[in-house]
A.B. asks: 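One structure, pasted below without further comment.
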Amino acid sequence: MYIDKAFELVQWTDGQTGSNPAVGCIIVKDDKIVGIGAHLIEGEGHAEVNAINMAGSHAIGATLYCTLEPCSHYGKTPPCTKKIIESGIKRVVFAVRDESLQSSGIDDMKAQGIIVKQQYVSEIYDYYQPFFNAKRHKMPYTILKMGVTLDGKTADDQNVSQWITNAESRRHAHRERYRCDAILVGYATYKHDEPILDSRTYKEKWLRKVVISNGLFEINAQDNNDYDKSRLIVVTNVQQMIEDVNVIVLPELKPDAILEALYLHKINRLLIEGGMQTIRLFASAHCYDEIHQYIAPKLLGGSSKHQFLTTDEPSQMSAMTSLQLVTVKTFEDDVLLVYRKDDQDVHRHH
């Protein structure tokens with residue numbers, strides 16, 4: 001029960017902890033909650049520290065429940081295990097081992113007489129997989145997102161895409177944006193649609209705005225201010241300087257190289273939203289982890305210009321990629337299907 005309560009704190013703070021994972025913590029003594037804590041902002045106190053500070057002297061002899069194994073290293077903050085040992089906590093229960101840690105502080109806590117137990121919860125384990133995968137592969141956890149009609153169209157033949165999905169679907173999509181560090185589009189989409197690429201209908205957040213430009217980049221008028229310039233990352237194959245804009249120059253605009261470069265800019269979770277040519281580029285290279293497909297009960301017809309993930313390359317059944325359906329949600333008549341690709345895919349992680 002207390003682990004579930006700790007996970008509720010994670011869900012409240014999901015998307016606001018930067019390159020750190022969101023963590024929730026509950027401290028219990030004599031069947032009463034005496035401390036609660038969450039990691040709120042990167043660089044500030046971790047969940048365990050915040051909970052211990054709230055508990056004060058009540059932490060002595062208490063049990064600490066947290067969603068992720070307490071850290072044992074010095075980073076932007078001191079180790080949580082050190083704070084736990086000093087607090088007088090007598091029992092620690094955590095849900096998920098931190099696969100990103102090079103060392104564990106479990107033995108240090110046990111050496112001080114603290115009982116340490118893992119209470120595995122599959123939902124919490126699944127939640128932390130994107131964080132672990134990004135750390136493991138040194139690439140952002142990458143999501144391909146699109147809104148499509150029943151006949152697989154993402155826009156009409158005049159390149160108009162507003163609006164295929166309903167308002168409720170779009171609000172949920174903004175919630176998913178909030179969970180990410182950056183949103184990526186191709187240069188054609190950037191110039192034609194002039195997308196804002198933020199999470200405004202859910203909650204304001206400083207999201208990075210990544211644009212792939214095969215050639216010289218020209219900034220849109222709406223981004224020509226200090227705030228929006230600082231959000232921009234331009235990935236290009238042409239050496240160029242753009243005032244106040246982060247420019248990444250690569251010899252070739254290959255998806256894996258792009259992802260590796262973005263990871264070095266502290267982007268752990270990336271949402272790719274368009275256009276379809278850009279989505280096809282990453283899909284064909286197997287450089288993604290999930291596909292989020294919002295399907296509207298509409299038929300658009302027309303050419304295959306904006307047909308979802310179609311290519312002119314001949315297809316083979318033997319080369320088919322299998323995905324795992326992990327979530328189905330409905331928003332009035334719209335349906336969201338979330339598919340996950342096997343982490344062992346040799347094309348994605350080489």
Side-chain angles (χ1 to χ4, degrees), residues 7 10-11 13-23 39 42 67-69 95-101 122-146 172-185 197-199 202 205-210 212 233 235 248 254-274 278-294 321-327 329 336-350:
F7 190 46
V10 169
Q11 293 165 311
T13 57
D14 185 18
Q16 67 183 50
T17 57
S19 59
N20 291 343
V23 177
H39 180 41
E42 183 176 3
T67 55
L68 190 64
E69 173 188 353
V96 178
R97 290 293 299 266
D98 192 340
E99 299 172 9
S100 72
L101 296 178
S122 61
E123 183 182 6
I124 301 178
Y125 178 80
D126 288 344
Y127 169 82
Y128 285 115
Q129 288 314 294
F131 172 74
F132 294 152
N133 284 354
K135 291 288 187 182
R136 184 182 305 119
H137 304 298
K138 308 300 181 188
M139 289 182 175
Y141 191 84
T142 302
I143 299 166
L144 307 181
K145 174 257 176 181
M146 68 288 297
H172 182 269
H174 277 231
R175 172 67 183 95
E176 292 303 299
R177 282 180 173 184
Y178 186 84
R179 298 179 65 199
C180 295
D181 303 308
I183 305 170
L184 181 149
V185 297
L197 301 182
D198 62 13
S199 57
Y202 174 73
K205 178 183 177 179
W206 191 80
L207 273 166
R208 305 306 294 269
K209 188 174 185 176
V210 182
I212 301 175
I233 297 178
V235 185
I248 299 173
K254 293 184 176 180
D256 56 349
I258 292 171
L259 295 180
E260 288 169 355
L262 292 177
Y263 182 79
L264 295 177
H265 281 69
K266 298 188 72 175
I267 295 175
N268 286 357
R269 192 178 181 102
L270 176 69
L271 188 64
I272 300 179
E273 289 205 358
T278 299
I279 289 176
R280 289 171 185 161
L281 175 69
F282 282 82
S284 298
H286 296 264
C287 282
Y288 65 93
D289 297 283
E290 291 184 4
I291 293 177
H292 291 197
Q293 188 175 19
Y294 294 83
T321 300
S322 295
L323 304 171
Q324 176 189 7
L325 178 65
V326 293
T327 303
K329 292 184 178 180
L336 167 64
L337 302 178
V338 175
Y339 292 97
R340 184 174 299 154
K341 188 159 62 64
D342 187 350
D343 184 55
Q344 302 305 315
D345 189 313
V346 296
H347 301 283
R348 171 67 170 89
H349 304 302
H350 53 84

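The model shown is predicted, which means the values in this text are computed figures rather than measured ones.
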A.B. asks: Compare every heavy atom of Thr278 with every heavy atom of Ile272, then report the nearest pair and how far apart it is.
C.D. replies: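 For Ile272 versus Thr278, the nearest heavy atoms are CG2-CG2, 4.2 Å.
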A.B. asks: Of Leu197, Thr142, Ile279, Leu262, which is the lone residue that meets side chain to side chain contact (heavy atoms under 4.5 Å, CB included) with Leu184?
C.D. replies: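 Only one option passes, and that is Leu262.
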A.B. asks: Any idea which heavy atoms bring Thr13 and Ala22 closest together, and the distance?
C.D. replies: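 Taking Thr13 first and Ala22 second, the nearest heavy atoms are OG1-CB, 3.7 Å.
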A.B. asks: To the nearest 0.5 Å, how far apart are SG in Cys287 and CG in Leu270?
C.D. replies: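 Going from the SG atom of Cys287 to the CG atom of Leu270 covers 11.0 Å.
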A.B. asks: Is there a side-chain contact between Tyr288 and Ile143 (heavy atoms, below 4.5 Å)?
C.D. replies: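 Tyr288 does not reach Ile143 side chain to side chain.
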A.B. asks: Shortest non-hydrogen contact from Ala134 to Tyr263?
C.D. replies: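 Closest approach of Ala134 to Tyr263, heavy atoms only: O-CE1, 3.4 Å.
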A.B. asks: For Lys329 and Tyr294, what are the C-alpha separation, side-chain angles and deciding distance, and is it a side-chain contact (heavy atoms from CB on, under 4.5 Å)?
C.D. replies: CA-CA 9 Å; Lys329 292 184 178 180; Tyr294 294 83; over 6 Å; no
A.B. asks: Does Lys205 count as lying over the ring of Tyr178, i.e. NZ or CZ under 6.0 Å from the six-ring centre, within 45 degrees of the axis?
C.D. replies: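 Flagged: Lys205 positioned over aromatic ring of Tyr178.
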A.B. asks: Within the structure provided, determine whether Phe131 and Thr17 are in side-chain contact (heavy-atom separation under 4.5 Å).
C.D. replies: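 Result no, sub-4.5 Å side-chain heavy-atom pair not found.
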A.B. asks: To the closest 0.5 Å, what do you measure between NE2 (His39) and CG (Leu68)?
C.D. replies: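 It is 11.0 Å, given to the nearest 0.5 Å.
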A.B. asks: Can you find a pair of side-chain heavy atoms, one from Pro140 and one from Asp181, that are under 4.5 Å apart?
C.D. replies: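 Contact flag for Pro140/Asp181 side chains = no.
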A.B. asks: Short question: side chain of Gln129, backbone of Tyr125 - any donor-acceptor pair under 3.5 Å?
C.D. replies: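 Confirmed, Gln129 side chain pairs with Tyr125 backbone.
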A.B. asks: Taking the side chain as C-beta and beyond, is there a heavy-atom pair between Thr321 and Tyr339 under 4.5 Å?
C.D. replies: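 No, side chains not in contact.
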A.B. asks: When rounded to the nearest 0.5 angstrom, what is the spacing between CZ in Arg97 and CD in Glu69?
C.D. replies: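 So the CZ of Arg97 and the CD of Glu69 are separated by 4.5 Å.
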A.B. asks: Please assess Ile248 against His265 for the test side-chain contact (heavy atoms from CB on, under 4.5 Å), listing each intermediate value before the final yes or no.
C.D. replies: CA-CA 10 Å; Ile248 299 173; His265 281 69; 3.6 Å; yes
A.B. asks: To check you understand the geometry: which heavy-atom pair defines the closest contact between Ala182 and Leu207, and what is its length?
C.D. replies: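 Answer, listing the atom of Ala182 first, then Leu207: N-CD2, 4.0 Å.
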A.B. asks: Can you check whether Glu273 reaches Arg177 side chain to side chain, under 4.5 Å on heavy atoms?
C.D. replies: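 A side-chain contact under 4.5 Å exists here.
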A.B. asks: First locate atom NZ of Lys135, then atom CG of Asn133, and finally report the distance between them rounded to the nearest 0.5 Å.
C.D. replies: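 CG of Asn133 is found 12.5 Å from NZ of Lys135.
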A.B. asks: Take Ile267 and Ile233, measure what side-chain contact (heavy atoms from CB on, under 4.5 Å) needs, and give me the verdict at the end.
C.D. replies: CA-CA 11 Å; Ile267 295 175; Ile233 297 178; 3.8 Å; yes
A.B. asks: When rounded to the nearest 0.5 angstrom, what is the spacing between CD1 in Ile258 and CE in Met139?
C.D. replies: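 The distance works out to 10.5 Å.
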A.B. asks: Are any of the side-chain heavy atoms of Met146 and Ile291 separated by less than 4.5 Å?
C.D. replies: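 Sidechains of Ile291 and Met146: in contact.
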A.B. asks: Check the pair Tyr141 / Glu290 against side-chain hydrogen bond (donor to acceptor under 3.5 Å, both in side chains), numbers first and verdict last.
C.D. replies: CA-CA 8 Å; Tyr141 191 84; Glu290 291 184 4; 2.8 Å; yes
A.B. asks: Are Leu336 and His292 close enough that some pair of their side-chain heavy atoms sits under 4.5 Å apart?
C.D. replies: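 Leu336 vs His292: side chains touch.
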A.B. asks: Is any side-chain heavy atom of Val96 closer than 4.5 Å to a side-chain heavy atom of Tyr127?
C.D. replies: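 Counting from C-beta outward, Val96 and Tyr127 never come under 4.5 Å.
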A.B. asks: Quick check for you: to the nearest 0.5 Å, what is the distance between Lys266 atom NZ and Glu42 atom CD?
C.D. replies: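 Reported value, rounded in 0.5 Å steps: 3.5 Å.
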